[in-house]
Amino acid sequence: MRRLPFADGGGRTVTFQLWHWHEDGERYDLEHFQLLPEGGERRVQVRRATYWALGHDLLAGLAAAAGFVAPGWRMPQETGFFQPLLVARAGA
């Protein structure tokens, strides 16, 4: 099992993200950087991914089109989770 860098007692790990939005305003390229302690120096680790930022109405509509019923949103102040949650029931 691989240990996480911040769990090995080797010092602090610095983590940050850069987002580069596409022209369509719906997608963005994410770069996740980590500056990891390594022998008194820092090693840089970068991960990259592209995300699709779906709006509430579009995502609820896709859930309904897939057969889910009564889609609704629960907000962070209600759930304590840091992002809104889409809640729906499986259709018959």
Side-chain angles (χ1 to χ4, degrees):
M1 182 170 121
R2 183 169 175 242
R3 292 180 56 146
L4 297 174
F6 56 82
D8 67 5
R12 291 185 177 178
T13 298
V14 177
T15 303
F16 61 95
Q17 298 177 359
L18 297 177
W19 294 19
H20 308 278
W21 284 91
H22 291 211
E23 294 272 332
D24 64 10
E26 291 185 353
R27 291 171 180 78
Y28 60 95
D29 298 323
L30 178 129
E31 292 180 283
H32 178 265
F33 291 85
Q34 285 189 303
L35 306 176
L36 305 164
E38 190 171 278
E41 304 267 326
R42 293 275 179 190
R43 178 174 57 87
V44 177
Q45 181 171 311
V46 182
R47 296 177 187 91
R48 292 178 175 87
T50 299
Y51 286 90
W52 186 16
L54 300 174
H56 289 189
D57 292 341
L58 177 57
L59 189 56
L62 291 171
F68 289 91
V69 296
W73 289 93
R74 304 292 184 266
M75 295 297 119
Q77 58 272 28
E78 177 185 354
T79 66
F81 189 64
F82 71 99
Q83 289 185 336
L85 299 174
L86 174 62
V87 178
R89 293 190 323 271

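These values consider heavy atoms only, across backbone and side chains, with no hydrogens, waters or symmetry-generated copies. Treat the numbers as computed from the prediction; the structure is a model and nothing was measured.
Smallest separation of non-hydrogen atoms from T15 and Q34: OG1-NE2, 3.4 Å. The two residues A90 and V69 come nearest to each other via the heavy atoms O-CG2, 4.3 Å.
Rounding to the nearest 0.5 Å places NE2 of H22 at 5.0 Å from OG1 of T50. Separation of atoms OG1 (T13) and CZ (R42) is listed at 7.0 Å; rounding is to 0.5 Å.
Evaluation of the ring pair (Phe, Tyr, Trp, His ring centres under 6.0 Å) rule for F68 yields no partner, not counting sequence neighbours. Applying the side-chain contact (heavy atoms from CB on, under 4.5 Å) criterion to Y51, with sequence neighbours excluded, gives Y28, L30, A49. E31 is linked by a salt bridge (charged side-chain N to carboxylate O under 4.0 Å, His left out) to R48, counting only residues two or more places apart in sequence or in another chain. Judged as a ring pair (Phe, Tyr, Trp, His ring centres under 6.0 Å), and not counting sequence neighbours, W52 has no contacts. In this structure, R89 has no side chain to side chain donor-acceptor pair (under 3.5 Å) partners at least two apart in sequence or on a different chain. By the side-chain contact (heavy atoms from CB on, under 4.5 Å) test, W73 is found to be paired with H56, L59, A60, M75, P84, L86, residues two or more places apart in sequence or in another chain being considered. Considering only residues two or more places apart in sequence or on other chains, D24 meets the salt bridge (charged side-chain N to carboxylate O under 4.0 Å, His left out) condition with R27. For R74, the salt bridge (charged side-chain N to carboxylate O under 4.0 Å, His left out) partners are E78, not counting sequence neighbours. Not a single side chain to side chain donor-acceptor pair (under 3.5 Å) links T79 to another residue, sequence neighbours left out.
Residue E23 places its CD atom among 12 or fewer non-hydrogen atoms of other residues, nucleotides or ligands, all under 6.0 Å distant.
Sorted by first and then second residue, the salt bridge (charged side-chain N to carboxylate O under 4.0 Å, His left out) pairs with a member in residues 56-70 form an empty list; sequence neighbours excluded.
Hydrophobic cluster membership of F81, counting Ile, Leu, Val, Met, Phe, Trp and Tyr whose side-chain heavy atoms lie under 4.5 Å apart directly or via other members: F82, L85.
At a threshold of 4.5 Å between side-chain heavy atoms, the hydrophobic network of Ile, Leu, Val, Met, Phe, Trp and Tyr places F16 and V44 in one connected group.
Between R47 and Q45, some side-chain heavy-atom pair lies under the 4.5 Å cut-off.
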